[in-house]
Amino acid sequence: MTPGEPVKPLKPRKLLPRRITLRGRLTLIYSGMFLAAGVVLLGVTYVLFSQQLSPQGPKVFSGRSPATPPATVLPPADGAVRIGSDPGKWMKAQEDKLRDAATTSLITQGGIALAVVGSVAAGFGWLIAGRVLAPLHRVTDTARRIAAAPVADRGLHERISLRGPDDEVKDLANAFDTMVERLDRSFDGQRRFVANASHELRTPLTLGRALVEMAMHRRTASQDVKRLGEDLLQINARHEQLIDGLLLLATSENEVIERRPVDLADVVAHVVTQTAPEAQQAGVTLHEEAHEAVTAGDALLLERLVQNLVENGIRHNFGHGGWVRVASRTRDDGRIEIDVANTGPVVPAYEIPALFEPFRRLGNERLVTAKGAGLGLSIVRSIVRAHGGDATARPHEGGGLVVTVTLPPDSTPPHPEAWTAPPQGPTLRM
């Protein structure tokens, strides 16, 4: 808006119509139909009643008899007595008054009775609609309990098991029960697969740890062998912890249940220290801008998130002369933010969504190479979703990528021992 330009008045917002429940709509339909039928019935009664009182109908006054004297005393309305008046006119006037009074009474009393009976009918319609829709409320309540379960597969054991007449509502309830039963069997199969995969992954790690410990505790073991064994045990322990965390993530349907305060500034500093040798070997400079950023979650998974982002920035870079910048901060709105930017090849904007898919890489890199197996950003996205956050990426000006992760803040006061750095040593590459 330029200076001096008149300010345009804001248009009033249109209020959305309030939602009317199905029970309310059915009650309105029942009441409307009853009132319409009552009005028609009252109209037909009025027509028939008018025909009975019309001059073409039965006669109230049939004429003067021959024995009637020519002079009759008629009691007029004003109380005076007039002799010689025509009795036919007086009777006709009385018939008109009677017909008008009867018609008015019919319409008034009939309208009042119709209003009273219509109100009673609306109340009965409300009760009947509620009774008819009760099975649908049962279906809705069951679906909400399943959806509100803390873990997606925890509420699938519930069933509606509707009893009653074999109608459309019961068919809907039975179809819902069948769907939930099939989902329950599917999740059972997934749990069995995860359990078997957990066993198969832990067995070689346990065997490897036992062999390393045997080699370290031999009398003839040298100091070099013992140091190598300690490093191998650290790697083995990290593998076991990571497998446990990822399996827990899979079984929890991307949700971390046990959350503890984690300062991401400590995580960033630890990851930069761990990846410094790899960056030095690749000729990439690491820049750390770690500010206090306390969130709640699993420390191991959050470390894995930052490490994957830093490793991707190192591996997909120019090499000598490149850089990776890692920053953590607390935004003004309270949310936690991690930015990882790096130099490197130009990344088209349309390729970015595919980078978060498993086994997807940029360009023609479709094979497992030294740069990784294409799981880094997919694991990042899974961990972020597990913690209730969001991960976005955009091309960096001049080449490279900028990945921004936002996480909710910790709802409890920070604790100095909330996060303990993992043991130093080599870490698992993905």
Side-chain angles (χ1 to χ4, degrees), residues 133-164 166-206 239-259 296-298 300-302 304-305 308 353-361 366 368 372-392 405 407-408 428 430:
L133 296 176
L136 291 180
H137 292 310
R138 188 172 175 180
V139 174
T140 303
D141 293 340
T142 304
R144 285 176 177 172
R145 285 195 302 271
I146 294 175
V151 182
D153 59 344
R154 295 286 177 86
L156 294 179
H157 64 280
E158 293 196 33
R159 300 292 184 273
I160 299 175
S161 301
L162 185 63
R163 298 176 183 269
D166 191 8
D167 53 8
E168 290 82 356
V169 178
K170 189 174 182 181
D171 291 340
L172 174 63
N174 293 337
F176 184 85
D177 286 343
T178 303
M179 179 189 66
V180 174
E181 184 178 0
R182 295 189 64 180
L183 287 175
D184 194 13
R185 289 201 301 265
S186 176
F187 275 102
D188 283 339
Q190 182 183 11
R191 283 191 293 267
R192 288 193 296 269
F193 170 78
V194 170
N196 294 333
S198 174
H199 176 73
E200 294 297 330
L201 290 173
R202 287 192 179 98
T203 299
L205 293 178
T206 304
H239 289 185
E240 292 178 352
Q241 293 176 4
L242 185 58
I243 289 173
D244 291 339
L246 294 178
L247 290 176
L248 176 63
L249 191 62
T251 54
S252 301
E253 187 63 15
N254 291 341
E255 182 175 357
V256 176
I257 300 175
E258 296 183 0
R259 298 172 182 252
D298 185 276
L300 180 65
L301 294 179
L302 291 174
R304 182 70 260 174
L305 180 153
N308 279 8
L355 297 179
F356 287 92
E357 299 296 329
F359 306 108
R360 296 293 297 272
R361 300 168 196 83
R366 293 293 183 264
V368 178
L375 293 175
L377 291 181
S378 63
I379 293 177
V380 167
R381 184 178 63 176
S382 298
I383 296 175
V384 169
R385 288 179 176 177
H387 290 79
D390 187 27
T392 59
V405 173
L407 297 170
L428 179 63
M430 288 191 179

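Note that the CZ atom of R159 and the OG1 atom of T178 stand 9.0 Å from one another [nearest 0.5 Å]. One distance of note links CG of L183 with CE of M179; it measures 6.0 Å at 0.5 Å rounding. The CZ atom of R381 sits 11.0 Å away from atom CG of D390, with the distance rounded to the nearest 0.5 Å.
The nearest pair of heavy atoms linking L300 to D298 is N-OD1, 3.1 Å. In this structure, V139 and A173 approach most closely via the heavy-atom pair CG2-CB, 4.2 Å. What you find for P408 and G388 is that their closest heavy atoms are CD-O, 3.7 Å.
No donor-acceptor pair under 3.5 Å is formed between the side chain of S186 and the backbone N or O of R182. Proximity of a side-chain donor or acceptor of H387 to a complementary backbone N or O of R259 within less than 3.5 Å is not detected.
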Verdict with reasoning, V405 to I383, per side-chain contact (heavy atoms from CB on, under 4.5 Å): CA-CA 10 Å; V405 173; I383 296 175; over 6 Å; no
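Put simply, the side chain of V180 does not reach to within 4.5 Å of the side chain of I160, judged on heavy atoms.
Annotation: R185, atom CZ; neighbour count of heavy atoms from other residues, nucleotides and ligands within 6.0 Å is above 12.
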